[in-house]
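Only one structure is covered here, and it is reproduced in the block below.
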Amino acid sequence: MASLIPRLADQKRIVIKIGSATLVDAKSGRLRAAWLQTLIDDIAWLKEQGKEVLIVSSGAIALGRKQTNLPSGHLRLEQSQAAAAIGQISLGQAYADALHKVDLIAGQILLTLGDTEERRPYLNARATLSTLLELGVVPIVNENDTVATSEIKYGDNDRLAARVATMISADCLILLSDIDGLYTAPPASNPDAQHLPVIEHITPEIEAMAGSAGSSLAKGGMTTKIAAAKIAIKSGTSMVIANGAGYNPLQAIANGATCSWFLAKANPITARKRWIHGALEPHGTIFLDAGAVKALLSGKSLLPAGVSKLNGHFSRGDAVILKDLHGAEIARGLVAYDRVDADKIIGHQSHEIAAILGYEGRAEMIHRDDMVLSVFETN
Ligand code: GLU
């Protein structure tokens, strides 16, 4: 098993996600400035080795609420948006100052879910991030909480970080958290819980191990970390969950601190399929009959004949989820028909499409090239 554990030294492009609970002291609500400087020292150390580093940092809401009279406990959406507007300034400044001390430059990027779900903003964001990395700058990314409403929001930076990591084809994503990895059961409540140093495949058993443990400051529990790992590894980005609380947390990982590595797939999906696979807010659901599920698993496209029912309001080219009749997710893809036309042709043979719709549409409801399987694959 030990030989499987990747080395930080072998990773060239690294994304580091820092959770609120790691960055902000829970009691005082203040930034852990001394700790942050040791993290930045580690980043300078990685950059001296020729690596590219990007940070995804939480903490805007936690810092912002400290500076105002917002109540403790749950905040209303507009209160957390206001807190983020205030806290993001101090957050960005803290990174810029700490990086400046080691002669590095910070560049701030605030993303919404829409920026990563829509193709054009996605490509724009990717181009900006790549340019920053080329310039040797350390991008500091957070969700643009001030405009993200509850329906169109990541809400946790674990999945945002995975999306950003795959967007720039990172080799590795490090989630610095308040837990040192994945356990067979929640370690706080179960003394028999065993730590898993390497996860090669995210099986249904692995998913079941992820309870929803979380601290008072953090949004993402283990469930969102596993969701992040699924996005990352399929795209060729390894992911590690490590405890970030101590000083110099990246050197600690390099020196063999306890952590969990999720291994990247050897044959990652293409850049375009990465975008499709990472979509969090599909516009609709297509339910497949058993024959269509089998066809998809053997590498075929989805034909209208294999569709049993539809949900949602989607247009041509929108991302949709494909589910079996029990509701289990099979794949994600870009649909070739809008909902109105799709309703008319489902259950029909492809050669009937022209007669039904009055125009020559595509034979496939979703072409293989526009689809990524979500189910656990053994190879
Ligand atoms: N974007 C949020 C913030 O900066 C944090 C989300 C999370 O904790 O994952 O406060």
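All residue numbers refer to positions in the sequence shown, counting from 1. Order of appearance sets the numbers: ligands from 1, and atoms from 1 within every ligand. None of these values were measured; they are calculated from a predicted model.
- Close approach of ligand 1 to I61 is summarised as follows: ligand atoms under 4.0 Å from at least one heavy atom of the residue are 3 (C), 10 (O).
- Salt bridge D370/R272: present, at least one basic N to carboxylate O contact under 4.0 Å.
- Remark: ligand 1 and L91 share no N or O pair separated by less than 3.5 Å (distance only, no angle test).
- Contact analysis puts G59 in contact with ligand 1, with a non-hydrogen atom separation below 4.0 angstrom.
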Could you list the donor-acceptor pairs under 3.5 angstrom formed between side-chain atoms of residues 282-290 and any protein atom two or more places apart in sequence or on another chain?
unit_1: D289; atom_1: OD1; unit_2: G291; atom_2: N; d: 3.2
unit_1: D289; atom_1: OD1; unit_2: A292; atom_2: N; d: 2.8

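- Set against the non-hydrogen atoms of D145, the atoms of ligand 1 under 4.0 Å away are 1 (N), 2 (C), 3 (C), 4 (O).
- Using a 30° and 60° split on the angle between ring planes, H195 and Y183 fall in the perpendicular class, above 60°.
- Residue N142 has at least one heavy-atom neighbour below 4.0 Å for each of these atoms of ligand 1: 1 (N), 3 (C), 4 (O).
- With respect to E118 and R120, no salt bridge is recorded, no charged nitrogen being found less than 4.0 Å from a carboxylate O.
- With a 6.0 Å radius and a threshold of 12 heavy atoms from other residues, nucleotides or ligands, E352 has its CD atom above the threshold.
- Residue D156 has at least one heavy-atom neighbour below 4.0 Å for each of these atoms of ligand 1: 9 (O).
- The heavy atom nearest to atom 9 (O) of ligand 1, considering only N144, L23, V141, N157, is found in N157.
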Donor-acceptor list for residues 81-95 side chains, cut-off 3.5 Å, not counting sequence neighbours:
unit_1: Q81; atom_1: NE2; unit_2: D145; atom_2: O; d: 3.4
unit_1: Q81; atom_1: NE2; unit_2: T146; atom_2: O; d: 3.4
unit_1: Q81; atom_1: NE2; unit_2: A148; atom_2: O; d: 3.0
unit_1: Q88; atom_1: OE1; unit_2: N142; atom_2: ND2; d: 3.0
unit_1: Q88; atom_1: NE2; unit_2: Q108; atom_2: OE1; d: 3.0
unit_1: S90; atom_1: OG; unit_2: Q67; atom_2: NE2; d: 2.8
unit_1: S90; atom_1: OG; unit_2: G87; atom_2: O; d: 3.4
unit_1: Q93; atom_1: NE2; unit_2: D97; atom_2: OD1; d: 3.0
unit_1: Y95; atom_1: OH; unit_2: S57; atom_2: OG; d: 2.8

